[in-house]
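Worksheet for the structure shown next.
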Amino acid sequence: MSPLLFLAAALAGGIGAVLRYLVDLGVARLAGRRFPWGILVVNLTGSFALGLVTTALPDAAFVLGAGLLGGYTTFSTAMLDAVALWRDGERGAAVFDAVGMLVLGLLAAGLGLALGAAL
C-alpha cells in the first residue's frame, strides 16, 4: 500500500467520524435521546453504503470502505448503547438495539451488495 493511499484512508476515516457525529446529533434532535436512533441510522446507512461500494467501486473500497465508512460506523457505541438501555431497565429496547441492528444491518449490507452488483 502506498503512503498516499494510506493517508487518503486516514483522512476519509476522520471525515467519516465527523459525519457519524453530525448524523447522530441530527437524528437525536428529531427523535430524542431515549433510544439511540442516530447510531442505528448511522450503522444501517453505513452497512448499505459498504455493500454498495464493495461491489460498485471495488478500486475505491479501501479508502471509502475502511476509511470513510470505517470512521462513520460504530459497533462499539451500538453495543454500549444496548448495555446502557438494559441497565436502565429498557430490556425490550436493549434487545431491539443489539439484535435489531444486527439483523437490519445484514439486510442493509445485502441490499447494498445487490444494488452495487446491478450497476
Side-chain angles (χ1 to χ4, degrees):
M1 174 183 326
S2 73
L4 187 57
L5 186 61
F6 184 79
L7 180 61
L11 290 173
I15 291 168
V18 170
L19 289 173
R20 174 183 61 224
Y21 173 76
L22 293 174
V23 170
D24 184 30
L25 186 65
V27 172
R29 284 186 178 160
L30 292 173
R33 289 225 171 251
R34 184 165 174 87
F35 183 85
W37 292 110
I39 295 302
L40 180 66
V41 167
V42 162
N43 284 335
L44 295 182
T45 57
S47 294
F48 174 79
L50 184 57
L52 185 65
V53 163
T54 300
T55 52
L57 302 168
D59 292 339
F62 179 70
V63 173
L64 295 178
L68 182 72
L69 296 170
Y72 177 66
T73 59
T74 173
F75 183 77
S76 58
T77 299
M79 295 305 101
L80 185 61
D81 287 341
V83 169
L85 286 166
W86 187 273
R87 184 192 60 224
D88 292 345
E90 300 285 339
R91 305 288 197 242
V95 170
F96 173 74
D97 192 37
V99 177
M101 191 167 315
L102 173 64
V103 171
L104 294 172
L106 288 169
L107 291 171
L111 287 172
L113 285 167
L115 180 61
L119 295 178

Distance from Glu90 atom CD to Asp81 atom CG, nearest 0.5 Å? 12.5 Å
Answer whether the closest heavy-atom distance between the side chains of Val63 and Leu68 falls below 4.5 Å. no
Look up atom CG in Leu104 and atom CG in Asn43, then write down how far apart they are to the nearest 0.5 Å. 11.0 Å
Is the closest side-chain heavy-atom distance between Leu64 and Leu57 below 4.5 Å? yes
OH on Tyr21 to OH on Tyr72, rounded to 0.5 Å: 15.0 Å
Quick one: does Pro36's side chain get under 4.5 Å of Leu85's, heavy atoms only? yes
Working to the nearest 0.5 angstrom, can you tell me the gap between Ser47 OG and Leu69 CG? 9.0 Å
To the nearest 0.5 Å, tell me how far Leu80 CG sits from Arg87 CZ. 8.0 Å
Residue pair Met101 / Phe75, side-chain heavy-atom distance below 4.5 Å: no
Euclidean distance, Leu102 CG relative to Asp97 CG, rounded to 0.5 Å: 11.5 Å
Is the number of heavy atoms from other residues, nucleotides or ligands under 6.0 Å of Arg91 CZ greater than 12? yes
Determine whether a donor-acceptor pair (N or O, by modelled atom type, separation under 3.5 Å) exists between the side chain of Arg20 and the backbone of Thr74. no
Looking only at atom types and distance, does a side-chain atom of Thr45 sit under 3.5 Å from a main-chain N or O of Val42, one as donor and one as acceptor? yes
Just wondering, do Leu40 and Phe96 contact through their side chains at under 4.5 Å, heavy atoms? yes
Any Val95 side-chain heavy atom under 4.5 Å of Trp86 side chain: yes
Phe48 vs Leu107 side-chain heavy atoms within contact, under 4.5 Å: no
Taking all non-hydrogen atoms of both residues, which atom of Gly65 and which atom of Leu50 are closest, and how far apart? CA-CD1, 3.6 Å
